[in-house]
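Only heavy atoms go into these numbers, but all of them, side chains included; no hydrogens, no water, no symmetry mates. Order of the sequence lines sets the chain letters (A, B, ...), proteins ahead of strands, with each chain counted from 1.
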There are 2 protein chains.
Amino acid sequence: MERTTRQRTAIRAVFDAHARPLSPTELHELAKADVPTIGIATVYRTIKAMVDDGELQPVDVPGEPPRYERAELAHHHHFHCRGCDKVFDVHACPRDIEKLAPSGFRLEGHAVMLFGRCDGCRAA
Amino acid sequence: MERTTRQRTAIRAVFDAHARPLSPTELHELAKADVPTIGIATVYRTIKAMVDDGELQPVDVPGEPPRYERAELAHHHHFHCRGCDKVFDVHACPRDIEKLAPSGFRLEGHAVMLFGRCDGCRAA
DNA sequence: ATCTTTGCAAAACCTTTGCACTGCG
DNA sequence: CGCAGTGCAAAGGTTTTGCAAAGAT
(Lines give C-alpha, C1' and ligand atoms only; values in the text may rest on other atoms or scores of the structure.)
Protein backbone atom coordinates (compact mmCIF):
# COMPACT_ATOMS: atom_id res chain seq x y z
CA MET A 1 0.00 0.00 0.00
CA GLU A 2 2.76 2.44 -0.92
CA ARG A 3 1.15 4.09 -3.89
CA THR A 4 -2.09 5.88 -4.61
CA THR A 5 -3.77 4.46 -7.69
CA ARG A 6 -7.07 5.08 -9.43
CA GLN A 7 -8.22 1.64 -8.34
CA ARG A 8 -7.55 2.24 -4.66
CA THR A 9 -9.09 5.65 -4.77
CA ALA A 10 -12.20 4.14 -6.34
CA ILE A 11 -12.43 1.43 -3.69
CA ARG A 12 -12.16 3.94 -0.86
CA ALA A 13 -14.79 6.09 -2.56
CA VAL A 14 -17.17 3.11 -2.61
CA PHE A 15 -16.76 2.67 1.14
CA ASP A 16 -17.43 6.38 1.62
CA ALA A 17 -20.55 6.27 -0.53
CA HIS A 18 -22.06 3.17 1.10
CA ALA A 19 -22.05 3.20 4.86
CA ARG A 20 -22.51 -0.52 5.29
CA PRO A 21 -20.40 -3.71 5.08
CA LEU A 22 -19.63 -4.69 1.47
CA SER A 23 -18.62 -7.98 -0.14
CA PRO A 24 -15.73 -8.26 -2.62
CA THR A 25 -18.21 -8.70 -5.47
CA GLU A 26 -20.31 -5.70 -4.44
CA LEU A 27 -17.13 -3.70 -4.13
CA HIS A 28 -15.99 -4.79 -7.58
CA GLU A 29 -19.29 -3.89 -9.21
CA LEU A 30 -19.47 -0.52 -7.52
CA ALA A 31 -15.84 0.34 -8.20
CA LYS A 32 -16.33 -0.36 -11.90
CA ALA A 33 -18.39 2.82 -12.08
CA ASP A 34 -15.17 4.76 -11.48
CA VAL A 35 -12.65 2.42 -13.08
CA PRO A 36 -14.42 0.11 -15.57
CA THR A 37 -11.33 -2.01 -16.21
CA ILE A 38 -10.67 -2.84 -12.57
CA GLY A 39 -10.14 -6.57 -12.09
CA ILE A 40 -11.54 -8.71 -9.29
CA ALA A 41 -8.01 -9.74 -8.31
CA THR A 42 -7.15 -6.13 -7.60
CA VAL A 43 -10.22 -5.84 -5.40
CA TYR A 44 -9.18 -8.90 -3.40
CA ARG A 45 -5.58 -7.73 -3.15
CA THR A 46 -6.62 -4.28 -2.05
CA ILE A 47 -9.04 -5.64 0.54
CA LYS A 48 -6.33 -7.87 1.96
CA ALA A 49 -3.83 -5.00 2.08
CA MET A 50 -6.37 -2.71 3.76
CA VAL A 51 -7.22 -5.36 6.34
CA ASP A 52 -3.52 -5.91 7.04
CA ASP A 53 -3.10 -2.16 7.41
CA GLY A 54 -5.95 -2.06 9.91
CA GLU A 55 -8.00 0.17 7.63
CA LEU A 56 -10.72 -2.42 7.05
CA GLN A 57 -12.17 -5.18 9.15
CA PRO A 58 -14.04 -8.29 8.02
CA VAL A 59 -17.71 -8.74 8.87
CA ASP A 60 -18.66 -12.37 8.84
CA VAL A 61 -22.20 -13.42 7.93
CA PRO A 62 -22.92 -17.12 8.47
CA GLY A 63 -23.23 -18.95 5.18
CA GLU A 64 -22.47 -15.89 3.10
CA PRO A 65 -19.44 -14.36 1.46
CA PRO A 66 -17.49 -12.10 3.81
CA ARG A 67 -18.10 -8.37 3.91
CA TYR A 68 -15.75 -5.58 4.89
CA GLU A 69 -16.17 -2.22 6.54
CA ARG A 70 -13.96 0.58 7.77
CA ALA A 71 -12.14 -0.36 10.95
CA GLU A 72 -12.28 3.15 12.38
CA LEU A 73 -15.92 2.65 13.31
CA ALA A 74 -16.55 2.37 17.02
CA HIS A 75 -17.38 -1.02 18.50
CA HIS A 76 -20.72 -2.17 17.12
CA HIS A 77 -22.62 -5.18 15.85
CA HIS A 78 -24.63 -6.20 12.77
CA PHE A 79 -28.09 -6.97 11.53
CA HIS A 80 -28.45 -9.32 8.55
CA CYS A 81 -31.68 -8.90 6.60
CA ARG A 82 -33.05 -12.20 5.31
CA GLY A 83 -34.98 -10.37 2.64
CA CYS A 84 -32.36 -8.32 0.82
CA ASP A 85 -29.24 -9.95 2.28
CA LYS A 86 -27.85 -6.57 3.22
CA VAL A 87 -25.94 -6.12 6.44
CA PHE A 88 -26.60 -3.10 8.63
CA ASP A 89 -24.61 -1.67 11.51
CA VAL A 90 -26.11 -1.81 14.98
CA HIS A 91 -24.67 0.75 17.34
CA ALA A 92 -25.64 -0.98 20.52
CA CYS A 93 -24.15 -3.75 22.57
CA PRO A 94 -25.50 -6.20 25.14
CA ARG A 95 -24.39 -5.10 28.59
CA ASP A 96 -24.03 -8.45 30.27
CA ILE A 97 -21.64 -10.02 27.74
CA GLU A 98 -18.85 -10.51 30.25
CA LYS A 99 -21.03 -12.81 32.29
CA LEU A 100 -21.45 -15.28 29.43
CA ALA A 101 -17.94 -16.74 29.23
CA PRO A 102 -17.40 -20.01 31.09
CA SER A 103 -15.47 -19.52 34.31
CA GLY A 104 -11.76 -19.98 33.80
CA PHE A 105 -11.98 -18.74 30.21
CA ARG A 106 -10.46 -15.40 29.28
CA LEU A 107 -12.88 -13.32 27.23
CA GLU A 108 -11.07 -11.09 24.74
CA GLY A 109 -13.84 -10.08 22.39
CA HIS A 110 -17.28 -10.84 21.06
CA ALA A 111 -19.47 -10.50 17.99
CA VAL A 112 -23.24 -10.27 17.85
CA MET A 113 -25.17 -10.91 14.64
CA LEU A 114 -28.88 -10.19 14.56
CA PHE A 115 -31.15 -11.79 11.95
CA GLY A 116 -34.51 -10.71 10.66
CA ARG A 117 -36.03 -8.29 8.21
CA CYS A 118 -35.07 -4.70 7.68
CA ASP A 119 -37.53 -1.85 7.52
CA GLY A 120 -37.90 -2.13 3.75
CA CYS A 121 -38.23 -5.92 3.65
CA ARG A 122 -40.61 -6.26 6.56
CA ALA A 123 -43.73 -6.20 4.35
CA ALA A 124 -42.51 -8.48 1.53
CA MET B 1 -34.08 -38.10 3.91
CA GLU B 2 -36.53 -40.92 3.39
CA ARG B 3 -34.22 -43.88 3.79
CA THR B 4 -31.78 -45.09 6.39
CA THR B 5 -28.41 -45.86 4.84
CA ARG B 6 -25.06 -46.93 6.22
CA GLN B 7 -23.66 -43.53 5.28
CA ARG B 8 -26.29 -41.59 7.20
CA THR B 9 -26.05 -43.87 10.17
CA ALA B 10 -22.29 -43.34 10.20
CA ILE B 11 -22.67 -39.57 10.03
CA ARG B 12 -25.12 -39.53 12.92
CA ALA B 13 -22.79 -41.78 14.88
CA VAL B 14 -19.98 -39.27 14.39
CA PHE B 15 -22.13 -36.51 15.85
CA ASP B 16 -22.97 -38.77 18.78
CA ALA B 17 -19.33 -39.60 19.40
CA HIS B 18 -18.06 -36.02 19.19
CA ALA B 19 -20.05 -33.52 21.18
CA ARG B 20 -18.76 -30.45 19.41
CA PRO B 21 -19.37 -28.62 16.11
CA LEU B 22 -17.78 -30.48 13.15
CA SER B 23 -16.73 -29.35 9.68
CA PRO B 24 -17.65 -31.28 6.50
CA THR B 25 -14.06 -32.48 6.14
CA GLU B 26 -13.84 -33.61 9.78
CA LEU B 27 -17.14 -35.38 9.34
CA HIS B 28 -15.91 -37.08 6.18
CA GLU B 29 -12.70 -38.30 7.79
CA LEU B 30 -14.47 -39.55 10.89
CA ALA B 31 -17.28 -41.23 8.96
CA LYS B 32 -14.73 -43.14 6.87
CA ALA B 33 -13.96 -45.21 9.95
CA ASP B 34 -17.43 -46.74 9.61
CA VAL B 35 -17.90 -46.54 5.84
CA PRO B 36 -14.49 -46.26 4.13
CA THR B 37 -15.96 -45.68 0.67
CA ILE B 38 -18.14 -42.74 1.67
CA GLY B 39 -17.69 -39.81 -0.71
CA ILE B 40 -17.38 -36.16 0.23
CA ALA B 41 -20.42 -35.37 -1.94
CA THR B 42 -22.54 -37.64 0.21
CA VAL B 43 -21.32 -35.86 3.32
CA TYR B 44 -22.26 -32.48 1.87
CA ARG B 45 -25.63 -33.76 0.65
CA THR B 46 -26.41 -35.33 4.00
CA ILE B 47 -25.42 -32.21 5.90
CA LYS B 48 -27.65 -30.11 3.69
CA ALA B 49 -30.58 -32.51 4.11
CA MET B 50 -30.12 -32.59 7.87
CA VAL B 51 -29.98 -28.83 8.07
CA ASP B 52 -33.13 -28.57 5.95
CA ASP B 53 -34.81 -31.09 8.21
CA GLY B 54 -33.85 -29.02 11.23
CA GLU B 55 -31.73 -31.83 12.61
CA LEU B 56 -28.46 -29.90 12.30
CA GLN B 57 -27.58 -26.26 12.48
CA PRO B 58 -24.53 -24.46 11.12
CA VAL B 59 -22.00 -22.93 13.48
CA ASP B 60 -20.09 -20.21 11.76
CA VAL B 61 -16.59 -19.26 12.85
CA PRO B 62 -15.25 -16.18 11.05
CA GLY B 63 -12.52 -17.08 8.57
CA GLU B 64 -12.89 -20.81 9.11
CA PRO B 65 -14.77 -23.56 7.34
CA PRO B 66 -18.34 -23.96 8.59
CA ARG B 67 -19.13 -26.47 11.28
CA TYR B 68 -22.36 -28.21 12.17
CA GLU B 69 -23.94 -29.44 15.36
CA ARG B 70 -27.18 -31.06 16.40
CA ALA B 71 -30.04 -28.60 16.40
CA GLU B 72 -31.83 -30.23 19.31
CA LEU B 73 -29.44 -28.49 21.67
CA ALA B 74 -31.16 -25.74 23.55
CA HIS B 75 -30.57 -22.20 22.38
CA HIS B 76 -26.97 -21.35 23.13
CA HIS B 77 -23.92 -19.52 21.84
CA HIS B 78 -20.25 -20.23 21.23
CA PHE B 79 -16.81 -19.44 22.50
CA HIS B 80 -13.97 -19.70 19.98
CA CYS B 81 -10.58 -20.27 21.61
CA ARG B 82 -7.77 -18.44 19.84
CA GLY B 83 -5.27 -20.88 21.27
CA CYS B 84 -6.60 -24.28 20.22
CA ASP B 85 -9.24 -23.15 17.67
CA LYS B 86 -11.87 -25.27 19.36
CA VAL B 87 -15.41 -24.03 19.65
CA PHE B 88 -17.22 -24.44 22.96
CA ASP B 89 -20.89 -24.15 23.72
CA VAL B 90 -22.00 -21.33 25.98
CA HIS B 91 -25.33 -21.98 27.63
CA ALA B 92 -26.12 -18.41 28.44
CA CYS B 93 -27.65 -15.58 26.49
CA PRO B 94 -27.59 -11.80 26.78
CA ARG B 95 -30.89 -10.58 28.20
CA ASP B 96 -31.23 -7.29 26.40
CA ILE B 97 -30.84 -8.62 22.85
CA GLU B 98 -34.28 -7.48 21.74
CA LYS B 99 -33.38 -3.89 22.43
CA LEU B 100 -30.50 -3.92 19.96
CA ALA B 101 -32.39 -4.09 16.66
CA PRO B 102 -32.99 -0.78 14.87
CA SER B 103 -36.55 0.42 15.19
CA GLY B 104 -38.69 -0.71 12.27
CA PHE B 105 -36.61 -3.87 11.85
CA ARG B 106 -38.09 -7.24 12.72
CA LEU B 107 -35.73 -9.29 14.87
CA GLU B 108 -36.06 -13.02 14.20
CA GLY B 109 -32.89 -14.43 15.71
CA HIS B 110 -29.39 -13.73 16.88
CA ALA B 111 -25.98 -15.32 17.27
CA VAL B 112 -23.25 -14.47 19.77
CA MET B 113 -19.65 -15.55 19.28
CA LEU B 114 -17.21 -14.98 22.10
CA PHE B 115 -13.45 -14.90 21.48
CA GLY B 116 -10.61 -15.47 23.86
CA ARG B 117 -8.71 -18.29 25.50
CA CYS B 118 -10.16 -21.37 27.05
CA ASP B 119 -9.19 -22.67 30.45
CA GLY B 120 -6.43 -24.86 29.04
CA CYS B 121 -4.97 -22.24 26.69
CA ARG B 122 -5.04 -19.34 29.12
CA ALA B 123 -1.47 -19.89 30.31
CA ALA B 124 0.15 -20.57 26.90
C1' DA C 1 -39.31 -53.67 -8.69
C1' DT C 2 -39.21 -48.90 -7.66
C1' DC C 3 -37.23 -44.94 -6.64
C1' DT C 4 -34.01 -42.78 -3.28
C1' DT C 5 -29.25 -42.45 -2.35
C1' DT C 6 -24.48 -43.12 -3.54
C1' DG C 7 -19.78 -42.51 -5.70
C1' DC C 8 -17.28 -40.65 -9.12
C1' DA C 9 -15.96 -37.02 -11.92
C1' DA C 10 -16.92 -32.78 -13.85
C1' DA C 11 -18.64 -28.29 -13.05
C1' DA C 12 -19.40 -24.19 -10.48
C1' DC C 13 -17.80 -20.97 -7.20
C1' DC C 14 -14.74 -18.05 -4.70
C1' DT C 15 -10.11 -16.58 -3.76
C1' DT C 16 -5.21 -16.64 -4.69
C1' DT C 17 -1.18 -16.61 -7.61
C1' DG C 18 2.17 -16.16 -11.78
C1' DC C 19 3.52 -13.19 -15.14
C1' DA C 20 4.16 -9.47 -18.31
C1' DC C 21 2.55 -4.80 -18.70
C1' DT C 22 1.22 -0.23 -16.65
C1' DG C 23 1.94 3.83 -14.33
C1' DC C 24 3.05 6.16 -9.72
C1' DG C 25 6.70 8.50 -7.49
C1' DC D 1 13.41 4.88 -14.60
C1' DG D 2 12.54 1.42 -10.92
C1' DC D 3 9.44 -1.13 -8.75
C1' DA D 4 4.71 -1.35 -6.65
C1' DG D 5 0.46 -2.24 -8.58
C1' DT D 6 -2.65 -4.01 -12.29
C1' DG D 7 -5.20 -7.18 -15.43
C1' DC D 8 -5.61 -11.46 -17.24
C1' DA D 9 -5.72 -16.18 -17.04
C1' DA D 10 -4.60 -20.21 -14.73
C1' DA D 11 -4.40 -22.59 -10.37
C1' DG D 12 -6.27 -23.97 -5.72
C1' DG D 13 -9.73 -25.05 -2.54
C1' DT D 14 -14.41 -25.94 -1.40
C1' DT D 15 -19.14 -27.07 -2.45
C1' DT D 16 -22.54 -28.56 -5.95
C1' DT D 17 -24.37 -31.27 -9.72
C1' DG D 18 -25.08 -34.97 -13.57
C1' DC D 19 -25.41 -39.61 -14.19
C1' DA D 20 -25.16 -44.57 -13.98
C1' DA D 21 -24.89 -47.99 -10.44
C1' DA D 22 -26.10 -49.57 -5.77
C1' DG D 23 -29.29 -50.48 -2.25
C1' DA D 24 -33.41 -49.55 0.99
C1' DT D 25 -38.24 -50.53 1.35
Looking only at side-chain N and O atoms, does [X] come under 4.0 Å of OP1 or OP2 in [N]?
X      : N      : result
A:Arg8 : D:dT6  : yes
A:Gln7 : D:dG7  : yes
B:Thr4 : D:dA24 : no
A:Thr5 : D:dT6  : yes
B:Arg6 : D:dA22 : no

In whole Å, I'd like the distance from the [atom1] atom of [X] to the [atom2] atom of [N].
X       : N      : atom1 : atom2 : answer
B:Ile11 : C:dT5  : CD1   : P     : 13 Å
B:Ile47 : D:dT14 : CD1   : P     : 14 Å
B:Glu2  : D:dG23 : CD    : P     : 19 Å
B:Asp53 : C:dT5  : CG    : P     : 10 Å
B:Asp52 : C:dT5  : CG    : P     : 13 Å
B:Ile40 : C:dA12 : CD1   : C1'   : 16 Å
B:Ile38 : C:dT5  : CD1   : C1'   : 11 Å
B:Lys32 : C:dT6  : NZ    : P     : 16 Å

For the side chain of [X], counting heavy atoms from C-beta on, which of [options] is nearest?
X       : options              : value
B:Arg45 : C:dG7, D:dT6, C:dT2  : C:dG7
A:Ala41 : C:dG7, D:dA9, C:dT5  : D:dA9
B:Arg3  : D:dT25, D:dG7, C:dT6 : D:dT25

Salt-bridge test for [X] and [Y]: reply yes if a basic N is under 4.0 Å from a carboxylate O, no otherwise.
X       : Y       : answer
A:Lys86 : A:Glu26 : no
B:Arg70 : B:Asp16 : yes
A:Glu69 : A:Arg67 : no

Sugar-phosphate, base or nothing in reach of B:Thr37, heavy atoms under 4.0 Å: sugar-phosphate
Aromatic plane relationship, A:His80 with A:Phe115 - under 30° parallel, 30 to 60° tilted, over 60° perpendicular: perpendicular
Plane angle bin for A:Phe105 and B:Phe79 - parallel if under 30°, tilted between 30 and 60°, otherwise perpendicular: perpendicular
